[in-house]
There are 2 protein chains.
Amino acid sequence: MAKIHELDDLDRQILSILMTDAKMAYTDIAKQLQVSGGTVHVRMKKLEEVGIVKGARLEVDEAKLGYDIISFIGIFLEKSSLYEDVIRQINQIPEVVNAYYTTGNYSIFTKIICKDTDDLRKLLSEKIQAISGIQRTETLIALEERIDRPISLDVKNTQDR
Amino acid sequence: MAKIHELDDLDRQILSILMTDAKMAYTDIAKQLQVSGGTVHVRMKKLEEVGIVKGARLEVDEAKLGYDIISFIGIFLEKSSLYEDVIRQINQIPEVVNAYYTTGNYSIFTKIICKDTDDLRKLLSEKIQAISGIQRTETLIALEERIDRPISLDVKNTQDR
DNA sequence: GTTGAAAAATTCCGCCG
DNA sequence: CGGCGGAATTTTTCAAC
């Protein structure tokens, strides 16, 4: 479930560009990388086929939509065997945007985006704490998002012009 | 820095669709929502102008690219006045994909994606710990990402057909 | 990997409710 | 004014080389 396919430098360059701007036209990328538009198309098709490219998401300013609170909630389970069940229930909560199975302090670690502190309070007391199998939670509130970017692929030749 | 613009239901429906699939053609969205392609175009332009739409990112399977370790690192600062300086230095580390200023236990909370545990170890000891102003760090390693999705906008009328 | 041409989507503009 | 329809321009997509 994590097979590494052979990618050449062109693949990585195309990915690098689209990872920060998925809407850029293939013809523009082609110009930038000095290849034909057809080539970019073929590469992307291959990358989609092997599952490296899973799709594209619009980046929105959540705060401008009224979602002001980003928080991380660490969840301790009563028994680790409850993991699947708890994840299933957490999945029902729309405000949860990420959930990870983790080592260390917590069993499950989640990222949550909600409208205000009242929303968060209700979410914790009425939704999260209500899930059976959860022992206790720890909440971390983010005041400011300072870095948000994709991973940077290292590309050998950046001698494009 | 968080002004809420008036969005109608059509705006929210368009956003909802593109937030999960930014590559969907405007004409397809138009068909789905029973409006003309031109209308979708005008709405998106407005959403971009007011900054609600910031861009689009390709979603990639990091594991297939060899990036197997997702970890969260909480950073304690010696003095909170060092915040800006430390963020600036963290920003230089390509593996850092997110950084937040937080309340609670930590001062800075980061999400990091790297290739393997050895990479992570080096990152911690050679890059993070080397930043002056950092007192200590706490690391959380994610074994499995189970939920990864955008926020869900509530749309009044979903009577599209 | 390229070229070129058909099909489709984007983008713009004048018109209508 | 907000939405519509159509036309010009670009882009995507695919074949043959």
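A, B, ... follow the sequence lines: proteins, then strands. Residue 1 opens every chain. Given the structure is predicted, the values throughout are model-derived calculations rather than measurements.
Separating the CD atom of B:Q32 from the C1' atom of C:dA9 is a distance of 16 Å, rounded to the nearest angstrom. B:E48 places its CD atom 12 Å from the P atom of C:dT10, with the value rounded to the nearest Å. One interatomic measurement links the two molecules: CG of B:L10 to C1' of D:dC4, which rounds to 13 Å at whole-angstrom precision. Distance, B:D21 CG to C:dA9 C1': 15 Å, rounded to whole Å. A:K46 has its NZ atom 17 Å from the P atom of D:dC14, to the nearest Å. Atom CG in B:D28 sits about 9 Å away from atom C1' in C:dA9, given to the nearest Å. Straight-line distance from the NZ atom of B:K45 to the P atom of D:dG3: 15 Å, rounded to whole Å. What separates OH of B:Y26 from C1' of C:dT11 is a distance of 10 Å, to the nearest Å.
A:S36 has no side-chain polar atom (N or O) that falls below the 4.0 Å cut-off from OP1 or OP2 of C:dT3. Here A:H41 reaches the OP1 or OP2 of D:dT13: one of its side-chain N or O atoms lies under 4.0 Å away. For the OP1/OP2 pair of D:dG3 and a distance below 4.0 Å, the side-chain nitrogens and oxygens of B:R43 include at least one atom meeting the criterion. Taking side-chain N and O atoms only, B:T39 has a distance below 4.0 Å to OP1 or OP2 of D:dC4.
Comparing D:dT12, C:dT10, D:dG3 by their closest approach to the side chain of A:T27 singles out D:dT12.
Using modelled atom types and a 3.5 Å distance limit, the side chains of A:Q32 and A:D28 yield no donor-acceptor pair.
Note: B:F109 and A:F109 have tilted aromatic rings, judged against thresholds of 30 and 60 degrees for the angle between ring planes. Using the six-membered ring where Trp is involved, B:Y26 and B:H41 have ring planes that are tilted, between 30° and 60° apart.
For the pair B:D148 and A:K54, the salt-bridge criterion is not met [side-chain N within less than 4.0 Å of a carboxylate O].
Each of B:G38 and A:G37 has a nearest nucleotide on DNA chain C; the 5'-most of these lies closest to A:G37.
Residue B:V42 is out of contact with every strand shown, counting any heavy-atom pair closer than 4.0 Å.
The number of heavy atoms from other shown groups lying within 6.0 Å of NZ (B:K46) is above 12.
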